Protein chains: 2
Amino acid sequence: MIKSGKDIPDKTLERMVKYRRILDNFEAEGKAIIYSHEMAKLAGNTPSQMRRDLMSCGCAGSTRAGYNVKEMQHKIKEVLGFSDTKHTILVGVGNLGKAILSYFSFRVPRVQVVAAFDIMPQRIGRVISGTRCHDIHEMETIIKEKNVTLGIITVPREEAQALADRLVAAGITGILNFAPVTLDLPENVYVENMDITMKIEKIAFYSGEN
Amino acid sequence: MIKSGKDIPDKTLERMVKYRRILDNFEAEGKAIIYSHEMAKLAGNTPSQMRRDLMSCGCAGSTRAGYNVKEMQHKIKEVLGFSDTKHTILVGVGNLGKAILSYFSFRVPRVQVVAAFDIMPQRIGRVISGTRCHDIHEMETIIKEKNVTLGIITVPREEAQALADRLVAAGITGILNFAPVTLDLPENVYVENMDITMKIEKIAFYSGEN
DNA sequence: AGATGTGAAATTCTTCACAGCG
DNA sequence: CGCTGTGAAGAATTTCACATCT
């Protein structure tokens with residue numbers, strides 16, 4: 001999908017999320033000032049990359065004294081968007097689905113999971129980490145009712161494409177896909193893939209002397 | 001970590017894994033020849049990127065006739081390394097851990113999960129998708145015994161760094177980390193992070209007109 | 001004609017190096 | 001000084017365009 005017209009580089013955005021998490025911790029500790037090299041250490045990158053990233057979000061760091069934690073936090077949240085919350089559903093309440101639902105008890109800013117879906121009767125009606133699991137037949141209705149725009153796919157590979165089509169037809173514009181297939185969807189839908197086995201193979205490839 | 005001296009670009013490697021999966025399906029269907037544009041469609045990229053990738057693995061596609069499925073498959077497997085299997089453990093047998101263990105029943109080439117670990121008594125001794133869950137106290141012993149070199153971390157955030165240190169001390173050289181923290185580890189350990197909440201926020205950011 | 005293979009351009013991302021501020 | 005801000009260099013990745021082959 002074509003990225004919408006935000007001027008902030010993709011990789012920078014990814015790191016921004018990380019920075020926010022780190023800053024949240026700092027705030028909790030009452031730390032008020034942070035240097036780019038401290039931040040870089042915690043984020044696993046370099047000071048200059050850190051500073052470059054901050055430029056993209058118009059973040060003023062006062063010379064000599066480092067960056068003001070609260071201000072930086074505010075600016076980053078502004079970029080990531082803290083105003084409107086997007087409604088999300090998750091489809092496929094197996095182990096993976098359950099695991100992801102529990103991530104949300106730790107609250108992901110901007111994103112709220114409003115319902116989960118499955119086909120298995122024994123899962124329907126249950127509440128997992130605060131989210132109710134519905135029969136998948138109700139999916140389209142609930143998407144419309146609750147104004148859902150994001151979908152998380154945690155169903156088996158074979159079912160992923162058909163499900164994605166249904167989600168898109170129902171009006172969803174962003175998908176996080178955990179199934180190991182490439183989804184074929186219209187350009188205006190933004191898709192991110194979480195390819196777990198790929199990552200494992202990457203580790204096998206790079207680790208050790210090889 | 002510094003990448004070991006393989007000449008193949010990082011992104012290409014990632015796509016290679018995807019290509020292999022696609023080829024496996026093709027082989028099952030008995031298809032013998034494939035064109036770069038077909039492959040690109042299935043992998044969600046462009047024909048020229050596809051061809052460029054194949055160059056990196058010395059993959060001969062005969063002009064006009066496209067690529068020979070079996071040969072391409074062979075070359076890719078050669079690059080990804082199909083000879084030696086790396087032994088892997090997973091630590092943290094919650095929902096996420098269980099989900100990942102079940103991925104392995106679908107067989108990830110090159111990688112074999114030989115044991116799982118947890119601290120919770122009710123999990124210890126159980127067998128999940130063919131992998132036995134041990135008490136975490138046995139971890140170091142089993143790593144040595146079974147010559148384990150890769151570790152998958154699916155414990156809560158607070159425990160991840162300490163666990164990673166233990167893994168590295170015990171001789172592990174590659175880690176797949178699902179906890180949302182940056183692990184601070186020696187240069188010679190290769191780490192990949194699966195940052196689920198980050199991906200979700202990315203979708204929230206890019207999807208829709210925003 | 002319809003593929004592949006590949007220099008070369010274009011784009012994106014990272015790092016360097018250093019001016020300038022407090 | 002030590003730290004930020006940033007132009008400019010450098011590296012990595014993607015895309016273009018076209019010669020070449022059957």
Side-chain angles (χ1 to χ4, degrees), chain A residues 1-19 23 31-72 75-76 79 182 187 198 202 205-206, chain B residues 1-19 23 31-69 71-72 75-76 182 187 198 202 205-206:
Chain A
M1 183 220 184
I2 288 93
K3 277 177 224 149
S4 57
K6 301 228 176 139
D7 45 347
I8 161 169
D10 189 70
K11 292 298 171 62
T12 296
L13 183 80
E14 294 188 358
R15 286 188 295 264
M16 226 70 127
V17 174
K18 207 182 273 184
Y19 297 150
L23 288 171
K31 199 166 163 72
I33 292 283
I34 187 166
Y35 297 104
S36 63
H37 70 265
E38 295 179 272
M39 195 70 181
K41 184 88 194 304
L42 290 166
N45 60 138
T46 66
S48 56
Q49 185 170 66
M50 186 36 215
R51 296 201 300 274
R52 174 78 52 191
D53 287 341
L54 290 184
M55 282 176 65
S56 305
C57 70
C59 195
S62 69
T63 310
R64 172 78 179 128
Y67 297 85
N68 179 303
V69 170
K70 275 216 191 312
E71 189 192 317
M72 189 162 152
K75 287 278 186 183
I76 287 179
V79 169
T182 308
E187 277 281 296
M198 183 267 274
K202 234 181 126 174
F205 184 84
Y206 284 122
Chain B
M1 185 221 181
I2 289 92
K3 277 176 223 146
S4 58
K6 301 230 176 137
D7 45 348
I8 162 169
D10 188 71
K11 292 298 171 62
T12 297
L13 183 81
E14 295 189 357
R15 286 189 294 267
M16 227 71 127
V17 174
K18 206 182 274 184
Y19 297 150
L23 288 171
K31 199 165 162 74
I33 292 284
I34 186 166
Y35 297 103
S36 63
H37 69 266
E38 294 179 273
M39 195 68 181
K41 184 87 193 306
L42 291 166
N45 61 133
T46 65
S48 57
Q49 185 171 66
M50 189 32 217
R51 296 201 300 275
R52 175 76 55 189
D53 287 341
L54 290 183
M55 281 177 66
S56 304
C57 71
C59 194
S62 69
T63 310
R64 171 81 179 125
Y67 297 85
N68 179 303
V69 171
E71 189 192 317
M72 189 161 149
K75 288 278 185 181
I76 288 180
T182 308
E187 276 283 294
M198 183 266 274
K202 233 180 128 174
F205 184 83
Y206 284 122

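Worth saying up front: this structure is predicted, and the values here are computed from it rather than measured.
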- Query: Does anything in residues 40-49 of chain B pair up under salt bridge (Lys or Arg N to Asp or Glu O under 4.0 Å), and if so which pairs, sequence neighbours excluded?
  - Reply: D184(A)-K41(B)
Rounded distance in Å - [atom1] ([X]) to [atom2] ([N]):
X	N	atom1	atom2	result
Q49(A)	dA8(D)	CD	C1'	17 Å
K75(B)	dG5(C)	NZ	P	12 Å
L13(A)	dT14(C)	CG	P	13 Å
L54(B)	dG5(C)	CG	P	8 Å
Y35(A)	dG5(D)	OH	C1'	17 Å
K11(A)	dT15(C)	NZ	P	11 Å
D10(A)	dC13(C)	CG	C1'	10 Å
D53(A)	dT6(D)	CG	P	14 Å

- Task: Would you mind telling me which of dT6(C), dT14(D), dA17(C) lies closest to the side-chain atoms of M55(B)?
- Result: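 Comparing dT6(C), dT14(D), dA17(C) against the side chain of M55(B), the answer is dT6(C).
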- Item | Per R52(B) side chain, nearest of listed nucleotides dT4(D), dA17(C), dG7(C) | dG7(C)
- Set of salt bridge (Lys or Arg N to Asp or Glu O under 4.0 Å) partners for K11(B), sequence neighbours left out: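 Salt bridge (Lys or Arg N to Asp or Glu O under 4.0 Å) check on K11(B) returns nothing, list empty.
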- Compare all side-chain heavy atoms of K75(A) with those of M72(A) and state whether any distance is below 4.5 angstrom.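 Answer no - side chains too far apart.
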So, is [X] near the phosphate of [N], with a side-chain N or O under 4.0 Å from OP1 or OP2?
X	N	value
R51(B)	dG7(C)	no
T46(B)	dT15(D)	yes
S36(A)	dC3(D)	no

- Provide the closest heavy-atom pair for A43(B) versus Y19(B) in the form atom of the first, atom of the second, distance. CB-CE2, 3.7 Å
- Query: Which atom pair, heavy atoms only, marks the closest approach of T12(B) to D53(B)?
  - Reply: OG1-OD1, 3.0 Å
- Message: Return whichever of H37(B) or S48(B) has its heavy-atom-nearest nucleotide of DNA chain C closer to the 5' end.
- Response: H37(B)
